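Numbered from 1 within each chain, the chains take letters A, B, ... in sequence-line order. These numbers were taken from a predicted model, which means no experiment stands behind them.
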Protein chains: 2
Amino acid sequence: MSASALLSVTQPAPAIAPARRPSFREQQFAAREQAILTAVNRLLATKGYDLMTMDEVAGEVGIAKPSLYKHFVSKEQLAAVAMEKLLDRMLDVISAQPLTQAPIDSLKQVLRWALKAHLDGSMPLLPSTRSSLRAALVNHAPYFERLVKMTEAMGTWIEAAKADGSVSGTLPSEVVMYTLFARACDPTLEFLRETGQYTDEQIVELMVTTCFGGLASR
Amino acid sequence: MSASALLSVTQPAPAIAPARRPSFREQQFAAREQAILTAVNRLLATKGYDLMTMDEVAGEVGIAKPSLYKHFVSKEQLAAVAMEKLLDRMLDVISAQPLTQAPIDSLKQVLRWALKAHLDGSMPLLPSTRSSLRAALVNHAPYFERLVKMTEAMGTWIEAAKADGSVSGTLPSEVVMYTLFARACDPTLEFLRETGQYTDEQIVELMVTTCFGGLASR
DNA sequence: GTCTATATTGGGATAGAC
DNA sequence: GTCTATCCCAATATAGAC
């Protein structure tokens, strides 16, 4: 499969055009759902799945808790959909990288985006082995599809970067991939922010530098 | 303060010698407490604080739940003491490094130890900003003392390694320190283990290599 | 569809017998 | 000090009125 095919990640148009435009009620419903997902995103980023409660979500949105269950059947599904939307945003960033760009720079740009999202509180934790959310995610097909798509795109760049000598050829590609994924939820970010000594931009660049350059002198 | 002073981290002997040796009952009590801490350590490493239940701890040790509360007043304190013991083990490793060793090698050895402990299930998560355990830890003086001691020892090595040119002089020491701490709870470890393609030793070396050498070619 | 009020479960902590 | 049985609160999920 070619790199360009892997990088065309925009969603296909719906097969059937809607017969009429959504009613006011439907628009309101959709807007509320979006507000819920925004709140969930923020809460997942700040507290994580296990510590996030449905009461908090409802309170943040300004609706009653039972209303949440009209939109999402469970807390697990709610979080899974929020993660799905996150991957959509990440796939948008991936497909926005120019094909002429050096693959290592594409990798760095995606990492920068993820780190910025983490710092501004819009990056839910990636699912660690420990989270009770993890099992729900792999069983949520829309999430899994996007994860595969993202993994393929990143894998293509990694292979290309190894081929052009910019990424170490001695490291297995999986190690490179997982190392990049893990940086998006690296607690170093929050530790550095807490010192109050660096701007968000400086923190992002310090993370990118240590990730690609390592701690040792060159 | 000199490096050797910072590195003498062994505990001072008790000021008052015990008048008699512990009774059988006391020995039994101490052994049970040790068994509890071992179980907690394992559970913190596999599930994390929030997902660990007191029922599980009791079940693992083979005692009733109320007995736990004869040893520790709360789940928070139980975890805090387990973390305190973990730092003791880490301080032992730190003080075991020969003073003649290059400081970067001491840093690598401590990192290797932490990674191995993580892989064999005896490394509780370092407290992320999100964990509800975190507040309890900083208020637990014995933990905090050890944390300060460890930080000072690592800081001394980092400064020395920057001075001898083995660690990048352009990176702030805090960035180096937090980066090393974060590697001990890096999910990359578990991702790599799950592939089943590497031995634990290979995983440790891959992590040390990417941490100090980075992803980019040299 | 949204709310108030409630069922239900899981889990931290404790009372009281032995 | 250890157990059985229990309390109690928090949090997911739902029943039922409007």
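- No donor-acceptor contact under 3.5 angstrom links the side chains of B/Q77 and B/H140, judged on distance only.
- Following rounding to the nearest Å, B/K70 (NZ) and D/dC3 (P) show an atom-to-atom distance of 11 Å.
- Look at CE on A/M52: it is 15 Å from C1' on D/dA10, rounded to the nearest Å.
- Taking atom CD on A/E76 and atom P on D/dA11, their separation rounds to 17 Å, with Å as the unit.
- Rounded to whole Å, the distance from CD on B/Q77 to C1' on C/dG12 is 14 Å.
- Distance CE (B/M54) to P (D/dC9): 19 Å, rounded to an integer number of Å.
- In this structure, B/K65 atom NZ and D/dT6 atom P are separated by 14 Å, rounded to whole Å.
- Spacing between atom CD of B/E56 and atom P of C/dG11 amounts to 8 Å, rounded to whole angstrom units.
- Put simply, B/S67 has a side-chain N or O that comes within less than 4.0 Å of OP1 or OP2 on D/dC3.
- Between C/dG12, D/dA5, D/dA13, one nucleotide has an atom nearer to the side chain of B/P66 than all others, and that is D/dA5.
- Residue B/T53 places its side chain closer to C/dG11 than to any other of D/dA11, C/dG11, D/dT4.
- With hydrogens and angles ignored, no donor-acceptor pair under 3.5 angstrom links the side chain of B/K75 to the base of C/dG11.
- Counting heavy atoms from C-beta on, the side chains of A/I104 and A/F212 come closer than 4.5 Å.
- Distances were taken from every side-chain heavy atom of A/F29 (C-beta onward) to each of D/dT4, C/dG12, C/dT2; the shortest belongs to C/dT2.
- Going from atom NE2 of A/H71 over to atom P of D/dT14 covers 15 Å, rounded to whole Å.
- You'll find that the side chain of A/Y69 is closest to D/dA13, out of C/dA13, C/dC3, D/dA13.
- Ranking D/dT2, D/dT12, D/dA13 by closeness to the A/S74 side chain, first place goes to D/dA13.
- The phosphate of C/dG1 (OP1 or OP2) has no side-chain N or O of A/R32 nearer than 4.0 angstrom.
- Between A/I94 and A/K149 the shortest side-chain heavy-atom distance does not fall below 4.5 Å.
- Side chains of B/P103 and B/I158 form no contact here, defined as non-hydrogen atoms less than 4.5 Å apart.
- A cation-pi geometry, defined here as NZ or CZ lying under 6.0 Å from the six-membered ring centre and within 45° of its normal, does not hold between B/K70 and B/F29.
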